[in-house]
Student: 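Here it is, the structure, as structure tokens.
Note on naming: letters A, B, ... go to the chains in the order of the sequence lines (proteins, then strands), and numbering restarts at 1 for each one. What you see is a predicted model, and the numbers here were worked out from it, not measured in a lab.
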Number of protein chains: 2
Amino acid sequence: MDAPGRRTGGRRAAGHGDERARVGVPQATVVRLPTYLRALRALEAEGVATVSSEELAERAGVNPAQLRKDLSFLGSYGRRGVGYGTAHLAEQVEVVLGLQTQRRVVIVGIGNLGHALAHYGGFAERGFAVVGLVDDDPAVVGTTVAGLQVRPFEELGAVVAANDATIGIIATPAVPAQRVADALVDAGVTGILTFAPRALRVPAHVDLRTVDVASELQILAFHDTWRSGAGA
Amino acid sequence: MDAPGRRTGGRRAAGHGDERARVGVPQATVVRLPTYLRALRALEAEGVATVSSEELAERAGVNPAQLRKDLSFLGSYGRRGVGYGTAHLAEQVEVVLGLQTQRRVVIVGIGNLGHALAHYGGFAERGFAVVGLVDDDPAVVGTTVAGLQVRPFEELGAVVAANDATIGIIATPAVPAQRVADALVDAGVTGILTFAPRALRVPAHVDLRTVDVASELQILAFHDTWRSGAGA
DNA sequence: TAGATTGTTAATCGATTAACAATC
DNA sequence: TAGATTGTTAATCGATTAACAATC
């Protein structure tokens, strides 16, 4: 939704590692890059050194032409007649996504979902560290979850600042979610991932992504309903 | 992705509640319908009986023209000069999504995330009932979670059949996820929502949606990185 | 060189948005 | 009737895909 930041400098420049190649990556492409990265890391783990766009596209579940088009926005990292080096391409995708430095994440709302997220082991290897947990409930504040002490909501700003967090995850119910989003914005995060089932308003300079599990199920329900022409 | 089921019959037919109006709702529209429904139910709860496309679009975070266009695929449920009746429109959206009958959901993988999903109270009011929990781990099987006894993986088919479940949620780690997906397909579900961080392959007649939390964070990281032109 | 596969162009397709006639 | 707002058309915009020249 938000346009990626503009950069100065002129040439569009094919070639290797040129920074300007990163500007203007379409949003639809950005959304697919993590999937490509996952597939590349899996291939690496299998000991595959080189992969064709056909094979990688198959693994990622996209059209090979789309994959090549997407990768062309990053630069020119394949070899004609050969394919892409899995390790090298993975690294380039990480550079473009900005994953070479680990980002610090604060989770707000330590209920069942916040708990699950705090314990999730997959963040570290994908570029993120959970550095703070915040909750409103006096019964939860002060307890230790996944090795971190839960801090009161009033300290959110301090937690973000002290740990230099740039991303906030909202795992609260719908009602307090806007208040939490406002507080995260005030604290200076640049991105918010929310699981609360309501629309949130954030300023244009903050990136917001929403995951609503019930909405996902409702989308599945639509296809289930109209699949056979049986009707509801 | 999947085209909605085709129906017989000819006229495109404006008008009220005509069933043919539901065919050919674009996927992009279907994905937004749950958001509209959420906003409409919130307005209802606030006692608002009528809403304009401008106000509803504002609440849902979309362009008013897009909202009207989306709703036009469902039929003609507004009144010119007046707006949309919140309760009536909500009901029509539910009809289109097929939410008038509650759908039954089975969760596979009762770790932290599966636990959180099983306890989530928001499913019922949005059209879903969690009817079965399945796990592989002998230490988990047999325990009671959210009022349901966790069943062994071998019984997945029986659990789906006995409860007439049509949707499966995969909350396992990446490695077993494809095996679980295959088993869910064999059991006859028509839709799968997976949280496992890997690409899954399912037959064309099964609808698949993937939520990968780390991928969501990586998308936020991209915008964070290139926002200011500062670079990584 | 012959075969393979990328990177890119151009065509197609679908989604978004502005504008406005229809109509409450 | 006058004002408001929908439903729809048409224009724009962006994303996907096929095709192929470039080149390893």
Student: Can you tell me if Arg32(B) touches the phosphate of dT16(C), counting only side-chain N or O atoms and a distance under 4.0 Å to OP1 or OP2?
Tutor: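 For dT16(C), OP1/OP2 do have a side-chain N/O of Arg32(B) under 4.0 Å.
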Student: For Val82(A) and Asp70(A), take the nucleotide of DNA chain D holding the closest heavy atom to each; which residue's nucleotide lies nearer the 5' end?
Tutor: Asp70(A)
Student: Applying a 4.0 Å non-hydrogen cut-off, can you work out what Arg68(A) is touching in the nucleic acid: base, sugar-phosphate, or nothing?
Tutor: base
Student: Would you call the rings of Tyr120(A) and Phe123(A) parallel, tilted or perpendicular, taking 30° and 60° as the class edges?
Tutor: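 If you compare the ring of Tyr120(A) with that of Phe123(A), the planes turn out perpendicular.
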Student: Pick from Glu46(A), Glu94(A), Glu125(A): which one makes a salt bridge (Lys or Arg N to Asp or Glu O under 4.0 Å) with Arg41(A)?
Tutor: Glu94(A)
Student: Please give, in whole Å, the distance from dT6(D) C1' to Leu74(B) CG?
Tutor: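 Nearest whole value for this atom pair: 14 Å.
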Student: Categorize Ala65(B) for me: base, sugar-phosphate, or nothing, with a 4.0 angstrom heavy-atom threshold over every strand shown.
Tutor: base
Student: OP1 or OP2 of dA15(D) sitting under 4.0 Å from any side-chain N/O of Asn63(A)?
Tutor: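 Indeed not, no polar side-chain atom of Asn63(A) lies that close.
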Student: So does Ser53(A) get a side-chain nitrogen or oxygen closer than 4.0 Å to the phosphate oxygens (OP1/OP2) of dT5(C)?
Tutor: no
Student: Heavy-atom nearest nucleotide on DNA chain C for Arg80(B) versus Lys69(A): which residue maps closer to 5'?
Tutor: Lys69(A)
Student: Can you find a side chain N or O atom of Ser76(B) that sits less than 4.0 Å from OP1 or OP2 on dG7(D)?
Tutor: yes
Student: In this structure, which stretches of DNA chain D are paired as stems of three or more consecutive Watson-Crick or G-U pairs, both distances less than 3.5 Å?
Tutor: C:3-24 with D:3-24
